[in-house]
Amino acid sequence: MTTLTTTEVSKFSAAVPFWLSLLMIPLALIGASQGGWWLVLLPIYGWGMFSILDAIIGLNLDNADLDTTEDDLFWYRAITMMWFPLQFILIFGMIAYATRADHLSGGEQIALFFGVGIISGTIGINYSHELMHQKNKLERWLGDLLLSSVLYSHFRSEHLLTHHRYVATPKDPVTARYNEGFHRFFPRVLRQSIKSAWSAEKAMLARKNLPATDFSNPFFRYAALQLGMLILAFLLGGWAGLGLFIFQAYVAIWQLELVNYIEHYGLTRKHLGDGKYEHVQPRHSWNAAHKASNWLLINLQRHSDHHYKPDRRFPLLQNYTEEDAPQLPYGYPVMTMAAMVPPIYRRIMNPRVRKWRAMYYPEVTDWGPYKAATNPMPR
């Protein structure tokens with residue numbers, strides 16, 4: 001494992017691979033203008049090509065020097081900050097275009113916005129995740145705007161206030177349980193995450209002696225931004241445009257929750273008694289060092305370090321070996337496709353979960369309460 005110097009990290013050439021997401025925009029434009037089989041370019045690029053590149057290029061085990069400053073990361077920060085205006089123009093430009101394009105059938109319009117949802121989910125929500133963790137107000141606002149464009153604004157509250165605090169415990173909705181298939185996980189998370197987010201914000205306001213209806217509750221901002229997006233979609237494309245906008249948002253949310261599903265599947269923090277749990281460690285997230293898919297996903301697959309140090313910017317996220325964090329056998333593109341077929345996913349992952357338990361918690365003899373999420377709620 002090599003440590004890259006600040007000079008090496010700060011080079012434009014080192015940041016360029018993380019800009020590969022930009023190629024999805026011309027692919028969407030080609031699909032929109034040509035229709036037909038050209039519409040499969042985006043799914044092939046997002047899932048197929050990066051799966052192949054992962055197999056060819058292999059792993060990236062290098063770590064950046066943690067003394068690298070914010071100024072040294074300019075070219076990395078730039079791609080996340082420019083993404084909202086690009087995605088905004090893409091989504092609403094496509095609505096205006098597709099609803100007036102005579103060469104696109106209804107089915108082709110749906111296929112086109114399936115691809116747009118891949119962009120807004122795989123890239124847009126992922127970038128919003130990076131932005132929401134920063135202290136800079138502009139970045140946090142850009143993160144909010146990205147989430148509103150997929151109608152999932154509460155994700156910020158749920159992620160920052162619930163997921164990071166309670167990951168791998170029964171109180172975290174998005175920690176997938178052992179043997180829980182994605183098709184059970186997905187509707188459960190859709191129900192529970194918005195309730196969890198509201199409860200977290202309500203509790204924060206209560207600590208300030210304020211009611212949940214106080215206008216400082218970000219849910220008012222979330223609602224206003226999302227309503228604005230829906231109105232704009234309707235104005236540009238009528239009911240068809242509104243429907244296409246909602247469909248791409250659904251696809252984006254599905255993409256996000258597929259990733260959430262694989263990031264912590266079957267992993268649990270040890271219950272110490274009386275509702276106390278051990279601190280979050282790198283071992284409580286699945287790590288993946290696959291080089292190409294980490295380019296596309298701005299190192300999201302170094303998820304073990306993200307939970308260990310949530311405010312660390314993506315170029316500085318550290319890779320962990322198997323001694324410190326459990327490893328996925330493939331990058332996220334392959335793993336998310338496998339997750340859509342639960343028997344295949346269980347065949348791949350259940351033996352790894354059992355190995356993880358034996359490695360880190362040999363003293364735990366009864367995993368029933370962990371598997372069923374019936375351990376006491378964290379205090």
Side-chain angles (χ1 to χ4, degrees), residues 12 14-32 41-43 45-47 49-50 70 73-95 112-153 155-156 159-160 221-222 225-226 228-229 232-233 245 248-256 258-260 292-302 306 311-317 332-333:
F12 175 68
V16 164
F18 293 102
W19 289 46
L20 286 172
S21 55
L22 290 174
L23 294 179
M24 300 183 96
I25 295 175
L27 292 180
L29 297 177
I30 292 170
L41 284 176
L42 270 172
Y45 181 77
W47 288 317
M49 196 191 84
F50 281 91
E70 293 274 300
L73 300 178
F74 173 81
W75 293 112
Y76 301 90
R77 296 175 62 196
I79 183 61
T80 59
M81 293 185 71
M82 72 169 64
W83 189 259
F84 171 69
L86 293 174
Q87 181 171 296
F88 181 85
I89 293 169
L90 177 70
I91 292 174
F92 292 103
M94 285 292 183
I95 289 173
L112 173 63
F113 276 81
F114 178 82
V116 172
I118 290 175
I119 296 175
S120 58
T122 303
I123 308 302
I125 297 183
N126 187 28
Y127 285 13
S128 77
H129 169 254
E130 172 74 9
L131 293 163
M132 73 173 68
H133 275 284
Q134 308 311 317
K135 296 177 182 178
N136 181 287
K137 288 185 179 180
L138 174 59
E139 289 179 285
R140 293 173 73 92
W141 257 105
L142 289 170
D144 280 349
L145 289 167
L146 281 169
L147 289 176
S148 68
S149 70
V150 294
L151 305 178
Y152 218 52
S153 294
F155 173 63
R156 189 182 92 162
H159 184 80
L160 296 178
R221 180 170 72 253
Y222 299 162
L225 289 173
Q226 292 181 171
M229 297 287 179
L232 181 57
F245 176 78
Q248 70 81 30
Y250 175 82
V251 173
I253 294 166
W254 166 65
Q255 288 278 277
L256 165 68
L258 266 173
V259 168
N260 275 334
S293 46
N294 266 322
W295 286 339
L296 181 67
L297 300 172
I298 58 172
N299 280 343
L300 181 65
Q301 299 175 146
R302 294 188 168 197
H306 170 66
D311 59 347
R312 187 170 284 166
R313 288 192 182 271
F314 79 85
L316 304 184
L317 289 172
Y332 283 13

Of all residues at least two apart in sequence or in a different chain, which pass the side chain to side chain contact (heavy atoms under 4.5 Å, CB included) check with [X]?
X	value
L20	L23, Y45, F50, W295
N294	N299, Q301, R302
L41	L27, I30, W38
R221	W141, D144, R156, P218, L225

Sequence-distant partners of [X], side chain to side chain donor-acceptor pair (under 3.5 Å), two or more places apart:
X	result
S128	none
Y250	none
N126	none
S148	none

Could you list all the salt bridge (charged side-chain N to carboxylate O under 4.0 Å, His left out) pairs where at least one residue sits in residues 119-138, not counting sequence neighbours?
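Residue pairs with at least one partner in residues 119-138: there are none.
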Return the set of residues passing salt bridge (Lys or Arg N to Asp or Glu O under 4.0 Å) with R313 (not counting sequence neighbours), or none when no residue passes.
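Here the qualifying residues are E70, E139.
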Validation: residues 75-84 side-chain donor-acceptor distances under 3.5 Å, sequence neighbours left out:
{"residue": "Y76", "atom": "OH", "partner": "V9", "partner atom": "O", "Å": "2.6"}
{"residue": "T80", "atom": "OG1", "partner": "R77", "partner atom": "O", "Å": "2.8"}
{"residue": "W83", "atom": "NE1", "partner": "Q87", "partner atom": "OE1", "Å": "2.8"}

What side-chain hydrogen bond (donor to acceptor under 3.5 Å, both in side chains) pairs are there with at least one residue in residues 16-29, not counting sequence neighbours?
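Sorted result for residues 16-29: S21-Y127.
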